[in-house]
There are 2 protein chains.
Amino acid sequence: MDALIEGFKQFIKKRGLKYTSEREEILREILSTKDHFDVDTLYLQLKSKNSKISKASIYRTIPLLIEGGYIQEVYKKGGQSYYEVTLNKRPHLHFICIKCSEVKEAYDPRLNELIDDLERASNYRFLTFHLEIFGLCPSCREGKVSHETQ
Amino acid sequence: MDALIEGFKQFIKKRGLKYTSEREEILREILSTKDHFDVDTLYLQLKSKNSKISKASIYRTIPLLIEGGYIQEVYKKGGQSYYEVTLNKRPHLHFICIKCSEVKEAYDPRLNELIDDLERASNYRFLTFHLEIFGLCPSCREGKVSHETQ
DNA sequence: TAGAAAGCTGAAAATGACTTGCAATTGAGA
DNA sequence: TCTCAATTGCAAGTCATTTTCAGCTTTCTA
Ligand SMILES: [Mn+2]
Ligand SMILES: [Mn+2]
Ligand SMILES: [Zn+2]
Ligand SMILES: [Zn+2]
């Protein structure tokens, strides 16, 4: 249906890999997710739709999706990696509340400028970056007790 | 000997904790380290000096040192956390080569300005941040075509 | 300064995210 | 349809970090 899905199929085939229903299903589920996601959440989402896909397959598919440019790892929290769909996303930073674990995105053109400048001024080749700011979100700084907690 | 060590002792006692030789030894070793370090390296360093301190104690002491402002977690690499002494360090970013794993620090006042601005413009309380840039270091980008993946 | 309660410590077991081995299954070209 | 390498689910394995627990210090008090 989607040009994106078709592109993924071509990407997979071009690499001499097999285009499986599992791989497509995983990509479709990810594309339907607007938020950041981790493997466990994705697994449960698929399971709730009666999918039989295993976590192992998700773990094996994620590197492919990253190499294909479909998703990116965007931050780590509580020992797990979180990802998001790359499409329609510009580089941005993540604020992580150390109390309630809420994550919020923020964009600032100065960040991209800064990173571009740093790359130009160096002999490095920059590929991606993570900017994670840790602190207290508005409600948690109010000394409220959070019920969501980790 | 050091005012820093004495300050740590006060910090520990003020919290109603016990000031043990292990805690002091760990702090001393960390202060003698100029570079970034991880738990394993620190453990082996201590061991090579005939210290009997266990990894468990290191893992238990690190949060205290962070809360006391003596060290900070500065990035994660290969599934491990890396730390550095906070003293005499300004906030900075880390460039991580995805090929050789080399890590290099970089400072840019614009980064701090940006972060300060973002905090002022929000209702968040910022405590720390990690800016990790992933890419290829000068020697690794020299097209030594690698088949070693990544 | 002895004695006891509260904290600590090392060693080992437990955790939890992620990876890997393997036998059965499936995709894709012939 | 046949063939076989790639892929999958499951279970076992890794590995950093956490936790359990019994013995050992630190502190406080009498
Ligand atoms: Mn994001
Ligand atoms: Mn640093
Ligand atoms: Zn919060
Ligand atoms: Zn390199």
Side-chain angles (χ1 to χ4, degrees), chain A residues 5-6 8-29 36-44 46-47 49-68 71 73-83 101 150, chain B residues 5-6 8-29 36-47 49-68 71 73-83 101 149-150:
Chain A
I5 299 286
E6 183 55 29
F8 180 54
K9 183 170 183 177
Q10 296 317 313
F11 167 76
I12 289 293
K13 291 189 156 284
K14 193 160 298 173
R15 298 183 65 135
L17 305 174
K18 292 181 180 172
Y19 192 66
T20 64
S21 60
E22 287 84 357
R23 286 175 174 162
E24 181 172 322
E25 218 178 315
I26 289 170
L27 176 55
R28 283 188 187 282
E29 186 59 36
H36 303 142
F37 65 92
D38 58 80
V39 169
D40 222 65
T41 306
L42 180 56
Y43 171 70
L44 292 174
L46 284 164
K47 195 172 197 182
K49 296 182 179 176
N50 296 315
S51 169
K52 301 236 185 77
I53 293 178
S54 68
K55 275 190 192 175
S57 287
I58 295 177
Y59 276 114
R60 286 186 280 231
T61 300
I62 281 179
L64 287 177
L65 293 171
I66 291 177
E67 285 161 35
I71 64 175
E73 193 202 56
V74 282
Y75 58 86
K76 296 182 192 246
K77 194 181 74 178
Q80 311 177 254
S81 290
Y82 284 76
Y83 307 87
S101 293
Q150 46 246 5
Chain B
I5 299 284
E6 183 55 28
F8 180 55
K9 183 170 182 178
Q10 296 317 313
F11 167 76
I12 289 294
K13 291 190 156 284
K14 192 160 298 173
R15 303 190 84 175
L17 305 174
K18 293 181 178 171
Y19 192 66
T20 65
S21 60
E22 287 83 358
R23 287 174 174 163
E24 180 173 323
E25 219 178 312
I26 289 169
L27 176 55
R28 284 189 188 280
E29 186 60 35
H36 302 142
F37 66 92
D38 59 81
V39 169
D40 221 65
T41 305
L42 179 57
Y43 171 70
L44 292 174
Q45 259 176 46
L46 284 164
K47 195 172 197 180
K49 295 182 180 176
N50 296 314
S51 169
K52 300 237 186 75
I53 292 179
S54 67
K55 276 190 191 174
S57 287
I58 296 178
Y59 276 113
R60 287 186 281 232
T61 300
I62 281 179
L64 287 177
L65 293 171
I66 291 176
E67 284 160 36
I71 65 174
E73 192 203 56
V74 282
Y75 57 86
K76 296 184 191 243
K77 194 180 73 177
Q80 308 176 256
S81 289
Y82 284 76
Y83 308 88
S101 293
T149 307
Q150 44 205 32

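All values derive from a computational prediction rather than experimental measurement. Chain identifiers are assigned alphabetically (A, B, ...) following the order of the sequence lines, protein sequences preceding nucleic acid strands; residue numbering begins at 1 within each chain.
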Apply side-chain hydrogen bond (donor to acceptor under 3.5 Å, both in side chains) to the pair Y82(B) and E73(B), showing each step before the final yes or no. CA-CA 6 Å; Y82(B) 284 76; E73(B) 192 203 56; over 6 Å; no
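Put simply, CZ on R15(B) is 18 Å from C1' on dT27(D), counting in whole angstrom units. Whole-Å rounding puts the E22(A) CD to dC10(D) C1' distance at 14 Å. In this entry the distance linking CD of E24(A) with C1' of dT7(D) reads 16 Å, nearest Å. Nucleotide dT7(D) holds its C1' atom 11 Å from the CG atom of L64(A), rounded to whole Å. Atom pair D40(B):CG and dA16(D):P shows a separation of 6 Å (rounding to whole Å applied).
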Hey, what are the protein-to-nucleotides 18-25 of chain D N/O distances that come in under 3.5 Å?
unit_1: dT20(D); atom_1: O4; unit_2: R60(B); atom_2: NH1; d: 3.1

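Salt-bridge annotation for E22(A) and K52(A): absent, with no side-chain N of the basic residue lying under 4.0 Å from a carboxylate O of the acidic one. By the 4.0 Å N-to-carboxylate-O rule, E24(A) lies too far from K9(A) to be salt-bridged with it.
Counting any heavy atom pair closer than 4.0 Å across all strands shown, K13(B) reaches sugar-phosphate atoms only and no base atom.
Closest-nucleotide positions on DNA chain C for I12(B) and Y43(B) were compared, and the one nearer the 5' end corresponds to I12(B). Judged by closest nucleotide on DNA chain D, T61(A) is the one of S81(B) and T61(A) placed further toward the 5' end.
The side-chain contact (heavy atoms from CB on, under 4.5 Å) with L44(B) is formed by just one residue from the set L46(B), T41(B), D40(B); it is D40(B). Put simply, the residue from I5(B), L64(B), I12(B), I71(B) that forms a side-chain contact (heavy atoms from CB on, under 4.5 Å) with L27(B) is I5(B).
Of all non-hydrogen atoms in S101(B) and K77(B), the two that sit nearest each other are O-NZ, 3.0 Å. Between R23(A) and T61(A), the closest heavy-atom pair is CG-OG1, 4.1 Å.
Side-chain proximity of S54(A) to dG9(D), dA16(D), dT7(D): nearest is dG9(D).
Using bins of under 30°, 30° to 60° and over 60° for the plane-to-plane angle, the ring pair Y75(A)/H36(A) lands in the perpendicular bin.
With a cutoff of under 4.0 Å to any heavy atom of chain A, the contacted region of DNA chain C is bounded 5' to 3' by dA17(C) to dA28(C).
Remark: R60(B) pairs with no residue by the side-chain hydrogen bond (donor to acceptor under 3.5 Å, both in side chains) rule, at least two apart or across chains.
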